[in-house]
Protein chains: 2
Amino acid sequence: MEPVPMLLAMTYRAMGDQFHDRLRQIGLEPLRPAHGYVFRFLKEKRATTVDIGQHLGVTKQAAAKIVNELDDWGYVLREPHPTDKRAQYVTLTTKGRDYLKLADNLWSDLENEMAEAIGEDTLATIRQGLAAYLRHVHGEDQPGLRPVW
Amino acid sequence: MEPVPMLLAMTYRAMGDQFHDRLRQIGLEPLRPAHGYVFRFLKEKRATTVDIGQHLGVTKQAAAKIVNELDDWGYVLREPHPTDKRAQYVTLTTKGRDYLKLADNLWSDLENEMAEAIGEDTLATIRQGLAAYLRHVHGEDQPGLRPVW
DNA sequence: CCAAAGTAGTCAACCAAGTTGTCTAAGCCT
DNA sequence: AGGCTTAGACAACTTGGTTGACTACTTTGG
């Protein structure tokens, strides 16, 4: 019997490949999964580069590189932290929020197709099951988002 | 709502991290996920380096590097292909098969813990659902095993 | 049957995306 | 005040892949 992680990896890749293909037809900058996850994170909470690194599961230096790219491309900008003069908040620009909307549409297309293929209830069970497992293993503090190969 | 791939990535990482931690306590060579997946692949079918690369979703050169490491460490050996003088079959040594057994035990421990946490039936649904989706998207030809970050 | 096209494996150069280590300036804590 | 911690930046390095080129062998089609 195949280990579950293999199924997870293959499904992750299958979905990611499709997403990437559809995205490429639109012809934006070469955004990687990490960039998208940063957008999603920034939509929820104000965050510094260090926060982002922690969320992705990489060092702050690696996170800084990603933030720099997003800045260069105009998806985010930095604004001074109100109380801490060392820190900067990274915030989404309009371009960033637009991208996020587009990506959300693509993802929901893909999930609808998945629901159609395996059943809506099955998909819901997968969602809830994985979320429950994650809560079980780590408490509130989430694991890194980046799959370690 | 969080996209499903994020859940997949986080669960993959959570399980992989635990596996790695437990494995490290035993103190073997620094085997990465790819190595394990190669063992599992070789157990099923005779394969060349090119086959392995395809299975992992990397180039044959990258696969060759992995096979070389496994060879150096004594987990696999190469034997001449019966009909094609260019090719070599990569086969598991006893050490390789032993590792695979050990890994299988660790994985089944982890899956049992998962089943306990989220319910055996939920885990079964996840298994079947993901497998069904993969069959739906790709036919028989599997996607790469390696998650693309 | 032979020539052209394709394939397995290897070598080498390169690249992307992380890492560790170091430093400065700023904050925090008794 | 003084000592520890932290955000961010810079640099050197590592890892794990890539592309490209080449040899030896195999397959295919006229």
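In what follows, chains are A, B, ... by sequence order, proteins preceding strands, each numbered from 1.
Applying the salt bridge (Lys or Arg N to Asp or Glu O under 4.0 Å) test to every pair with at least one member in residues 114-131 of chain A, sequence neighbours left out, gives these pairs: A:Glu111-A:Arg127. Sequence neighbours left out, the pairs with a member in residues 66-83 of chain B that pass salt bridge (Lys or Arg N to Asp or Glu O under 4.0 Å) are B:Arg32-B:Glu69, B:Arg46-B:Glu79, B:Asp71-B:Arg78. Applying the ring-ring contact (aromatic ring centres under 6.0 Å, His included) test to every pair with at least one member in residues 1-33 of chain B, sequence neighbours left out, gives these pairs: B:Phe19-B:Trp107. Applying the ring-ring contact (aromatic ring centres under 6.0 Å, His included) test to residues at least two apart or on different chains, the pairs with a partner in residues 21-47 of chain B are A:Trp149-B:Tyr37, B:His35-B:Trp73, B:Phe39-B:Tyr75, B:Phe39-B:Tyr99, B:Phe41-B:His55.
Note: B:Asn105 CG to B:Leu110 CG = 11.0 Å, rounded to the nearest 0.5 Å. A distance of 12.5 Å separates CE in B:Met10 from CG in A:Leu8, rounded to the nearest 0.5 Å.
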Between A:Lys95 and A:Asp98, is the salt bridge (charged side-chain N to carboxylate O under 4.0 Å, His left out) condition met? List the steps. CA-CA 5 Å; A:Lys95 183 176 177 184; A:Asp98 285 349; over 6 Å; no
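Taking five base pairs at each end of the helix from C:dC1-D:dG30 to C:dT30-D:dA1 and finding the rotation axis that steps the C1' atoms of four pairs onto the next four gives two axes whose angle is 40°, to the nearest 10°.
Running 5' to 3' along DNA chain D, contacts with non-hydrogen atoms of chain A at under 4.0 Å begin and end at D:dT6 to D:dG17.
With B:Arg13 contributing its side chain and A:Val148 its backbone, the two residues share no donor-acceptor pair below 3.5 Å. Remark: the backbone N or O of A:Ala64 is not paired with any side-chain donor or acceptor of A:Thr49 at under 3.5 angstrom. A donor-acceptor pair is defined here as one N or O able to donate and one able to accept, closer than 3.5 Å; such a pair exists between the side chain of A:Arg97 and the backbone of A:Leu92. Distance alone, capped at 3.5 Å, is enough to place a donor-acceptor pair between the B:Asp51 side chain and the B:Thr48 backbone.
Of the residues in residues 41-52 of chain A, those lying under 4.0 Å from DNA chain D by heavy-atom distance are A:Thr48, A:Thr49, A:Val50. If you check residues 73-87 of chain B against DNA chain D, the residues with a heavy atom closer than 4.0 Å are B:Thr83, B:Asp84, B:Lys85, B:Arg86, listed by number.
Not counting sequence neighbours, the partners of B:Gln18 by the side chain to side chain donor-acceptor pair (under 3.5 Å) test are A:Tyr133. Partners of B:Asp104 by salt bridge (Lys or Arg N to Asp or Glu O under 4.0 Å), not counting sequence neighbours, listed by chain and number: B:Arg40. By the salt bridge (Lys or Arg N to Asp or Glu O under 4.0 Å) test, A:Asp84 is found to be paired with A:Arg86, residues two or more places apart in sequence or in another chain being considered.
Between A:Gln88 atom CD and C:dA25 atom P there is a gap of 16 Å when expressed in whole angstrom units.
In A:Gln54, the CD atom is not crowded: 12 or fewer heavy atoms of neighbouring residues, nucleotides or ligands sit closer than 6.0 Å.
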Could I get a table of every N or O pair under 3.5 Å where one atom is in the protein and the other is in nucleotides 14-20 of chain C?
from   : atom 1 : to       : atom 2 : distance (Å)
C:dA17 : OP1    : A:Arg32  : NE     : 3.0
C:dG18 : OP1    : B:Trp149 : NE1    : 2.6
C:dG18 : N7     : A:Lys65  : NZ     : 2.8
C:dG18 : O6     : A:Lys65  : NZ     : 3.4
C:dT19 : OP2    : A:Thr59  : N      : 2.9
C:dT19 : OP2    : A:Thr59  : OG1    : 2.5

